[in-house]
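Data block below; observations after.
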Amino acid sequence: MTRPGGGGPRGGARAPGPPDWSYVEPPGFVRIAFQQVPEGKAVKNRLHLDLEAPGLDAAADEATALGATRVGGIVTDPQGAFQVMRDPEGNEFCFVSG
């Protein structure tokens, strides 16, 4: 989930390249690459990213401004807290802290 000409919710600049392939390198994080495929999404995604965010509400608000939606509220368990999100195509990811 990146915005044209910008980065994603973890920061970093979107790298220039062909319209069907791009990557973002958030500071202090690994490179995350995105490649468009010709087939449509048929089932639940098989990759789920957990992105560390000390401020779950702020991270969720920023992702929402980019087109994501919250799935329920913030959940707290013995390991910390997390907020489940869906990107504009319905792929789930979480912001986590703790």
Side-chain angles (χ1 to χ4, degrees):
M1 185 175 63
T2 62
R3 56 182 166 243
R10 294 283 300 163
R14 181 178 176 200
D20 62 346
W21 188 91
S22 187
Y23 66 88
V24 62
E25 291 187 83
F29 199 65
V30 297
R31 175 188 289 183
I32 302 173
F34 302 90
Q35 182 174 6
Q36 187 173 4
V37 295
E39 51 282 335
K41 181 179 165 185
V43 296
K44 184 175 181 178
N45 55 308
R46 296 178 59 175
L47 175 69
H48 178 105
L49 296 176
D50 285 344
L51 304 171
E52 187 175 10
L56 298 180
D57 277 323
D61 288 346
E62 185 176 351
T64 299
L66 294 170
T69 55
R70 293 178 190 244
V71 178
I74 293 174
V75 176
T76 302
D77 64 21
Q79 285 76 42
F82 62 94
Q83 171 67 62
V84 179
M85 305 290 295
R86 281 197 187 106
D87 72 13
E89 292 184 351
N91 301 302
E92 291 183 350
F93 64 98
C94 288
F95 289 118
V96 299
S97 71

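Note that the structure is a prediction, hence the values are computed from the model and not measured.
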One should read off an interatomic distance between Cys94 SG and Gln83 CD, to the nearest 0.5 angstrom, of 8.0 Å
Shared ILVMFWY cluster between Met85 and Leu51, side chains joined below 4.5 angstrom? yes
Using a 3.5 Å cut-off and no angle test, enumerate the donor-acceptor pairs between side-chain atoms of residues 65-76 and protein atoms at least two apart in sequence or in another chain.
unit_1, atom_1, unit_2, atom_2, d
Arg70, NH1, Asp57, OD1, 3.3
Arg70, NH2, Asp57, O, 3.4
Arg70, NH2, Asp61, OD1, 2.6

Minimal heavy-atom distance between Ala59 and Ala53, with the atoms involved, is CB-CB, 3.7 Å
Please determine whether side chain to side chain contact (heavy atoms under 4.5 Å, CB included) holds for the pair Phe93 and Asp50, giving the CA-CA distance in whole Å, both sets of side-chain angles, and the decisive distance to 0.1 Å.
CA-CA 6 Å; Phe93 64 98; Asp50 285 344; over 6 Å; no
* Should Leu56 and Val84 be counted in the same cluster of Ile, Leu, Val, Met, Phe, Trp and Tyr side chains packed under 4.5 Å apart? -> no
In terms of heavy-atom contacts, Phe95 and Ala63 come closest through CE1-CB, 3.8 Å
Between the CZ atom in Arg86 and the CD atom in Glu92, the distance rounded to the nearest 0.5 Å is 4.5 Å
